[in-house]
*Asks:* 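Structure in structure tokens, see below.
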Amino acid sequence: MKRKVTKAVFPVAGLGTRFLPATKSVPKEIMTLVDRPLIQYAIDEARAAGIKEFIFVTSRGKSALEDYFDRAPELEAALETKGKQDLLEALEQTYMESGAIAYIRQHRPLGLGHAVWCARRLIGDEPFAVMLPDDVIAGEKSCLQQMVEAHEETGGCMVAAMEVPPSRTSSYGVLDVKEGNGRLMRLRGMVEKPAAGTAPSNLAVIGRYILTPQVMENLNRMKKGAGGEIQLTDAIADELVAGRDVFGYQFEGDRFDCGSKSGFLQATVAFGLSRPDLRDELARYLDNLMAHRNAAQ
Ligand code: UTP
């Protein structure tokens, strides 16, 4: 019987150097798109997909992230006194059922694969999701939910995939597709950051995964053998070498790379324009800005 995916790992122990100096004291995942931190978008996506246990792999300096999910009795009391029901409701989304959230430390930033491996004891013998909060995905149905539904049919490992321009493939893990069936593809291999001109396709791995506990075993071996960064892509590709199934899933939705400044700015504008309370004023501002810019050119 296939087991339901109810656990998700959120690796948030990276240094976030692309956002320095901001990330000197603010975790990247707490940076805000409109009025919600990146991590809230990931949590909402996970909840919509049926995730019940949330495992954060953190590091030094991430206490703001832990505080974010705590109750805030003084704030709640103040809002209640003022009758601010809408703001009290906004806080609701940040609360977690007791015992549903766990924090594990990655003591050194040895790479994404190593961060996921740090959660091995909490995962045990179950399939699990991995979500990178830097990748914010907007769509009618949550990306992870689309994957969980596909995974109920396929089992095995699954990675989210997206077409990127050939000039960008060297920045991503890239899929080598064996056969495709609409959004779902069976893979032959995966290559991490292929050198220019050598990518097997223009389908890139995006930060959503459903993995079997076997991948933790693969990471275990890598930990013993390899130095430097431990790549999650390599541990998943090992499943293919062992003859087990790995699928790519081309999700429906718009993905923003909020780990980069340009992606973060684009997401801010897109989410601002999607909000009924902000849309008109922001659109007017952008129209004016572009008109001035075009006139000046
Ligand atoms: P990135 O490659 O974006 O690295 O990690 P980063 O440190 O967050 O940011 P930059 O590149 O220095 O600006 C992708 C994801 O993997 C996590 C990060 O927190 C992020 O969610 N990660 C990366 C870890 O948890 N541990 C690591 O050792 C490396």
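In each ligand, atom 1 is the first atom listed, and ligand 1 is the first ligand listed.
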*Asks:* Should G111 be counted as touching ligand 1, given the test is an N or O pair under 3.5 Å?
*Replies:*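 Looking only at distances, the answer is yes, because the N/O contact criterion of under 3.5 Å is met.
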*Asks:* Using a 4.5 Å cut-off on heavy atoms from C-beta on, say whether the side chain of H107 contacts that of R60.
*Replies:* no
*Asks:* With heavy-atom distances below 4.0 Å as the criterion, list the atoms of ligand 1 near L112.
*Replies:*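 Taking each heavy atom of L112 in turn, ligand 1 has 16 (O), 29 (C) under 4.0 Å.
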*Asks:* I want to check something: taking the side chain as every heavy atom from C-beta on, are F19 and M31 in contact at a cut-off of under 4.5 Å?
*Replies:* yes
*Asks:* Could you tell me whether the side chain of L187 reaches within less than 4.5 Å of the side chain of L240, counting heavy atoms only?
*Replies:*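 Yes, close enough: below the 4.5 Å cut-off.
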*Asks:* Mind checking whether F69 and F54 have ring centres under 6.0 Å apart?
*Replies:* no
*Asks:* Tell me whether the rings of F56 and F10 are parallel (<30°), tilted (30 to 60°) or perpendicular (>60°).
*Replies:* parallel
*Asks:* For the pair E45 (side chain) and L144 (backbone), establish whether a donor and an acceptor sit closer than 3.5 Å, ignoring hydrogens and angles.
*Replies:* yes
*Asks:* Testing P133, S59, P27 one by one against V12 for a side chain to side chain contact (heavy atoms under 4.5 Å, CB included), which residue passes?
*Replies:*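 Output: one option passes, namely P133.
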*Asks:* Given that the side chain starts at C-beta and the backbone is N, CA, C, O, which of these parts of T23 lies under 4.0 Å from ligand 1, counting heavy atoms, or is it both or neither?
*Replies:* neither
*Asks:* Just go through I39, V12, T17, L15 and tell me whose heavy atom is the nearest to atom 7 (O) of ligand 1.
*Replies:*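 Nearest heavy atom to atom 7 (O) of ligand 1 lies in L15.
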*Asks:* Enumerate the atoms of ligand 1 whose separation from the nearest heavy atom of Q106 is less than 4.0 angstrom.
*Replies:*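 Per the distance check, 24 (C), 25 (O), 26 (N), 27 (C), 28 (O).
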*Asks:* Please report which non-hydrogen protein atom sits nearest to atom 3 (O) of ligand 1, along with the residue it belongs to and the distance in Å to one decimal place.
*Replies:* R18 NH2, 2.9 Å
*Asks:* Which atoms of ligand 1 sit under 4.0 Å from any heavy atom of A115?
*Replies:*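 Reading through ligand 1 atom by atom, the close ones are 24 (C), 25 (O), 26 (N).
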*Asks:* Which ligand 1 atoms, with their elements, are less than 4.0 angstrom from a heavy-atom of L110?
*Replies:*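 Once the distances to L110 are compared, the set is 28 (O).
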*Asks:* Hey, is ligand 1 close enough to F19 that some N/O pair sits below 3.5 Å?
*Replies:* no
*Asks:* Nearest non-hydrogen atom to atom 20 (C) of ligand 1 belongs to which of P133, P11, G16, G14?
*Replies:* P11
*Asks:* Among all protein heavy atoms, pick out the one at the shortest distance from atom 5 (O) of ligand 1; state its residue, atom name and that distance to 0.1 Å.
*Replies:* D134 OD2, 4.6 Å
*Asks:* Flag the pair I123 / L211 as yes when at least one side-chain heavy-atom distance between them is below 4.5 Å, and no otherwise.
*Replies:* no
*Asks:* Check whether any heavy atom of G259 sits under 4.0 Å from an atom of ligand 1.
*Replies:*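 Judged by the 4.0 Å heavy-atom criterion, G259 does not count as contacting ligand 1.
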*Asks:* Is it the case that atom CD in E179 sees more than 12 heavy atoms from other parts of the structure closer than 6.0 Å?
*Replies:* yes
*Asks:* Could you check whether any heavy atom of K28 sits closer than 4.0 Å to an atom of ligand 1, since that is the contact criterion I want to use?
*Replies:*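 The answer is yes: ligand 1 sits under 4.0 Å from a heavy atom of K28.
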*Asks:* Below 4.0 angstrom from a heavy atom of P109, which ligand 1 atoms are there? Numbered from 1 as shown, please.
*Replies:* 28 (O)
*Asks:* Would you verify that at least one protein heavy atom lies under 4.0 Å from atom 25 (O) of ligand 1, or report that none does?
*Replies:* yes
*Asks:* Donor-acceptor check, side chain of R47 to backbone of Q93, threshold 3.5 angstrom: yes or no?
*Replies:*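 Checking the backbone N and O of Q93 against the side chain of R47, a donor-acceptor pair under 3.5 Å is found.
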